[in-house]
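Note that this is a predicted model, so its numbers are computed, not measured. Below, chains carry the letters A, B, ... as their sequence lines are ordered, and counting in each starts from 1.
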Amino acid sequence: MRASQFFISTTKEAPSEAELVSHKLMLRAGLIKRLGSGLYTWMPLGLRVLRRVEAVVREEMNRAGAIELLMPAVQPAELWEESGRWAVFGPQMLKIKDRHQRDFCFGPTHEEVITDVARREIKSYRQLPVNFYQIQMKFRDEIRPRFGVMRAREFLMKDAYSFHASRESLVDTYNTMYDAYGRVFTRLGLKFRAVAADTGAIGGSGSHEFHVLADSGEDLLAYCPDSDYAANVELAEALAPTGARPAPAEPMREVDTPKQTTCEDVAALLGIPLARTVKLVAYVAGEHMAVALVRGDHEVNEVKLGKLPSMADLRLASEAEIREAFACPPGFLGPVGLDRTKIRVIADRSVAAMADFVCGANKPKFHLAGVNFGRDLPEPDVVADIRNVVPGDPSPDGKGTLALCRGIEVGHVFQLGNKYSQAMNATYLDEAGKSQTMEMGCYGIGVSRIVAAAIEQNHDERGIIWPQAMAPFLLVIVAIGYGKSDMVKTAADSLYADLTATGFDVLLDDRDERPGVMFADAELIGIPHRVTLGERGLKEGVVEYQPRRAHAGQSGEAQKIALADATAFLTGVMEG
RNA sequence: CGGGGUGUAGCGCAGUCUGGUAGCGCGCCUGCUUUGGGAGCAGGAUGUCGGAGGUUCGAAUCCUCUCACCCCGACCA
């Protein structure tokens, strides 16, 4: 591609709306343009990157035995009513009406449609297992779109759905997909981690998320450096403390805490470790109030809490509800003296093992110290793991301690089981001629999100540094004075022709720009390899090669190459 | 939805408090010079000041309403 015939629109400054590096760089490099909140045009350069990611995903899906199809983006409401998700999915789903006032949605996911395909097409166990996938634009009306294409409302996703005659077959395909995902992210040159995950609204049992590791990631991951344990903190188990609860040693007493409304403040005032305090968080589940007790240095995990019996639809209690139930403002709440017929007390395992702790007194400006279960208040109604793990917690697999890192979720694999097949009556005849419900799995990859995630992981102060597999162009030929110097033009055209003939995606920068502009653009756009041709070098018969980033066998510095050797050298470099 | 903020040229911003008819940088156009790291000089174009209504002799500026976008919290690839 010649730059003069392509469309490059770079800027020095990023629009102020961009927060994340990847978002800024994507806008500055002219990969995307914003149309509305969470809606982006993929400009020619950006589209090339998107297509590269797509190609790798497609190749690995095909290799793993998945079969590509393409389902409608717009789906009739009836299907969603069958699965029961029309109401459940909520405002996240963009609902639309056609001219006959019939309800449709712009597909946020395709379990319903694919299950409909399966139930119509699959009659016999002989047709199973089968794994369909598509790469398609989805729309989810996100509560808060942000970070450009990282959390856009319209986004490109690869979604695969497998159907099985047995649980074993499902697990088998699940493992195949898990491995394929690893290959996809490895080929894309990303540092990633697969973690055990919560299944969320989609439902099902076994589930793993694939995360690109980045400090800007929205997810917190727990992993064990000494083993292969890794899980989203939503799921990561905080083991119960070992050893029995100590016997009470202190009397319960009130302490003045005129301004101390947080555990941190109270601990500081009393000069005790934060881990000696207990914090109370009030929730409403259904009609009833429930309070979660965690240590002052811990945080409540609402995913875990929501899995406890009759806690499914929990929400934080409002301040008004708290004042009514406790006759006390937030900041001084505690578990002592509560009416247990109205308020359930759910304690984290670590709290249940505490003695002589400090907590709110349910009385403005006072806390209690030396509090003990069994003596000062009844034992908790429920003791469970309801907190987020923290660094240093023992690993649930018993092999060392946990560390935390942040990640960007770019892939998710689920064993769905028969949730959709049952609701939508997707059955087949088994060997005995008996009707059976299919087992299902589903497997997603956020294709457009990967582009942003890759930039988060691969950039410097000058711009993007594309991993080779997703670069819009592998090499840029910077031809200085292309329009002025026949020597440069001839050499550049010839090199470009040779390299293009070998099948590489090469950008020839033949624009009438100053060298600085061309260098700066090449670096901002992130093209992995650059060769510079100018009269100065050509007179000595040399060109200059410089990688965008130092990598194996190459330094980051420029090196002079004889023009005669350039094609062979550059070919070698691009083949990696 | 709750809390905070911003809308002025293609982009980044000043001007708003204290009303007087819009400016800076980048970009864009023309010419000359320049040509290995985002050029210099000279000239030029561009705004319904987010929208509607009001106050006023006069509104980017004050008032009311509205829309859009962004940031912080609850969802997800």
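- The stretch residues 58-65 of chain A has no heavy atom under 4.0 angstrom from RNA chain B at all.
- Between the base of rG38(B) and the side chain of Arg28(A) there is a donor-acceptor pair shorter than 3.5 Å.
- Using a 4.0 Å cut-off between charged nitrogen and carboxylate oxygen, Arg530(A) and Glu523(A) count as a salt-bridge pair.
- Considering only side-chain N and O atoms, Arg514(A) lies under 4.0 angstrom from the phosphate OP1 or OP2 of rA39(B).
- Where Thr11(A) and Gly446(A) meet RNA chain B, the nucleotide closest to each residue was compared, and Thr11(A) sits on the side nearer the 5' end.
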Subject >> Residue pair Glu142(A), Arg153(A): steps toward the salt bridge (Lys or Arg N to Asp or Glu O under 4.0 Å) verdict >> reply: CA-CA 6 Å; Glu142(A) 291 285 343; Arg153(A) 294 197 291 178; over 6 Å; no

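- Base pairing of rC32(B): its partner is rG40(B), meeting the Watson-Crick or G-U wobble criterion (both donor-acceptor distances under 3.5 Å).
- Between Asp512(A) and Lys484(A) there is a salt bridge, since at least one side-chain N of the basic residue sits less than 4.0 Å from a carboxylate O of the acidic one.
- For Glu324(A), the CD atom is loosely surrounded, since the number of other residues' heavy atoms within 6.0 Å does not exceed 12.
- More than 12 heavy-atom neighbours from other residues, nucleotides or ligands sit within 6.0 angstrom of CD on Glu218(A).
- Look at Thr10(A) and you won't find any side-chain N or O under 4.0 angstrom from OP1 or OP2 of rG38(B).
- A donor and an acceptor atom sit less than 3.5 Å apart, one in the side chain of Arg151(A) and one in the base of rC76(B).
- Here Phe519(A) does not count as stacked on rG38(B), because the ring centres are not under 5.5 angstrom apart with planes under 30°.
- No donor-acceptor contact under 3.5 Å links the side chain of Glu535(A) to the base of rG36(B).
- Salt-bridge formation is detected for the pair Glu112(A)/Arg85(A): a Lys NZ or Arg NE/NH1/NH2 atom is positioned less than 4.0 Å from an Asp or Glu carboxylate oxygen.
- Salt bridge status for Lys24(A) with Glu17(A): absent, with no side-chain N to carboxylate O gap under 4.0 Å.
- Using P as the reference atom, rG47(B) and rG10(B) are 9 Å apart when rounded to the nearest Å.
- Closest to the side chain of Arg34(A), from the set rC69(B), rG38(B), rG12(B), is rC69(B).
- Phosphate contact (OP1/OP2 of rC75(B), side-chain N/O of Arg144(A), threshold under 4.0 Å): absent.
- Taking atom C1' in both rC11(B) and rC69(B), the straight-line distance is 16 Å, to the nearest Å.
- One can find a donor-acceptor pair under 3.5 Å joining the base of rG37(B) and the side-chain atoms of Glu523(A).
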